[in-house]
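Hydrogens, waters and symmetry mates play no part in the numbers below; they use all other heavy atoms, side chains included. Whatever order the structure lists ligands and atoms in, that order sets their numbers, starting from 1.
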Amino acid sequence: MSTLRGRFGPDGLPEWDRCAVMGVVNVTPDSFSDGGRWFDTEVAIKRGLDLVAGGADLVDVGGESTRPGASRVDEGEELRRVVPVVRGLAAEGVVVSVDTMRAAVAEAAIEAGAVLVNDVSGGLADPAMVPVVATAGVPFVVMHWRGFSSDMNSRAVYGDVVGEVLAELRQRLDAVVDAGVDPARLVVDPGLGFAKNAEHDLALVAELGRLGRELGRPILVAASRKRFLGRVLAAPDGSPPPARERDAATAAVSTIAAREGAWAVRVHEVRPNVDAVRVVRAVEDAALAAEAARVAAGEAV
Ligand code: PMM
């Protein structure tokens, strides 16, 4: 485990001196926030490179939409979408993550150069996933998940959302470690919008620091353009702004996440989020300098 002023990332990835920014490339015709825009391989690779040029530290490539109600794409199609994009970006030196629930896709993506597996099901959707990750020795994102997108909204039932998400994530981390994954390579994610309504998402954002402290693992936060932000920004008649008009709100969550010690934020539009995490870093530096000056003044007396 590497630490940087309290912030730390998983073993097996580069270290960044602030909350990292993961840019998203959805190679799908139907993702809720950017569906269809990066569906062609060349266009998707170009998008990933543009995200890096804009300041993204790593790029998350996915070929299956997980928006609420989405049905599954078949494995062959997911492989065709994802693998060439991962290969193209890795060949350009990009730190690539693969967003998949399928072991075969994760395996092929690792072969093509992916260095992180981001599974929104935390290994629950495919029993072969955890063994693949354990064997490859790559970092693994374990997200809080209660079931497939087709009917996940019906599972958004909690007495104490933060307590239950914590307990379910802890259980999942234990299972993954028992199955052979190095705990130092695990990242956890509260899974905003997955079997959660807007109130649940906001309660989790309010307690990101607690999630990190209690789970003892780096936290990834993926709030980008999600429904709960649409709800917060809704017009008086209740209508939410379209997904692409939620980037300033996304950057607000990135500021909170970075301030709460999150390892990384996963976002569609990198620039405002890179700016946000850089400001947080500068403020943290100023706080440290002020503290050092106080200590020096105390010592001088
Ligand atoms: N959300 C989406 C996709 N992948 N991965 C992680 N780790 N956490 C998330 O919350 C998450 C994810 C859905 O959003 P998108 O369709 O805009 O990519």
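The existence of a salt bridge linking Lys226 and Asp201 is excluded, since no basic side-chain nitrogen approaches an acidic carboxylate oxygen closer than 4.0 Å. Between Arg294 and Glu291 there is a salt bridge, since at least one side-chain N of the basic residue sits less than 4.0 Å from a carboxylate O of the acidic one. Ion pairing between Arg271 and Asp275 holds under the 4.0 Å rule for side-chain N and carboxylate O. Under a 4.0 Å N-O distance rule, the pair Glu260/Arg210 does not qualify as a salt bridge.
Side-chain N/O atoms of Glu64 and Thr100 include no donor and acceptor closer than 3.5 Å. In this structure, a donor-acceptor pair under 3.5 Å is absent between the side chains of Asn26 and Thr28.
Only the side chain of Asn26 comes within 4.0 Å of ligand 1, counting heavy atoms alone; its backbone N, CA, C and O stay farther away.
Ring geometry for His200 versus Tyr158: interplanar angle over 60°, hence perpendicular rather than tilted (30 to 60°).
Contact atoms of ligand 1 toward Val120: 4 (N), 5 (N), 12 (C) (distance under 4.0 Å to a heavy atom of the residue). Of all the atoms in ligand 1, the ones that sit under 4.0 Å from a non-hydrogen atom of Met143 are 6 (C), 8 (N), 9 (C), 10 (O). Near Leu220, meaning under 4.0 Å from one of its heavy atoms, ligand 1 places the atoms 7 (N). Per-residue contacts place Asn118 under 4.0 angstrom from the following atoms of ligand 1 (heavy atoms of the residue considered): 5 (N), 6 (C), 7 (N).
Ligand 1 has no N or O atom lying under 3.5 Å from any N or O atom of Thr66, backbone or side chain. The shortest N or O to N or O distance between Asp60 and ligand 1 is not below 3.5 Å. Below 3.5 Å of separation, one finds an N or O of Asp189 facing an N or O of ligand 1.
The closest non-hydrogen atom to atom 10 (O) of ligand 1, taken over Met101, Arg266, Lys226, comes from Lys226.
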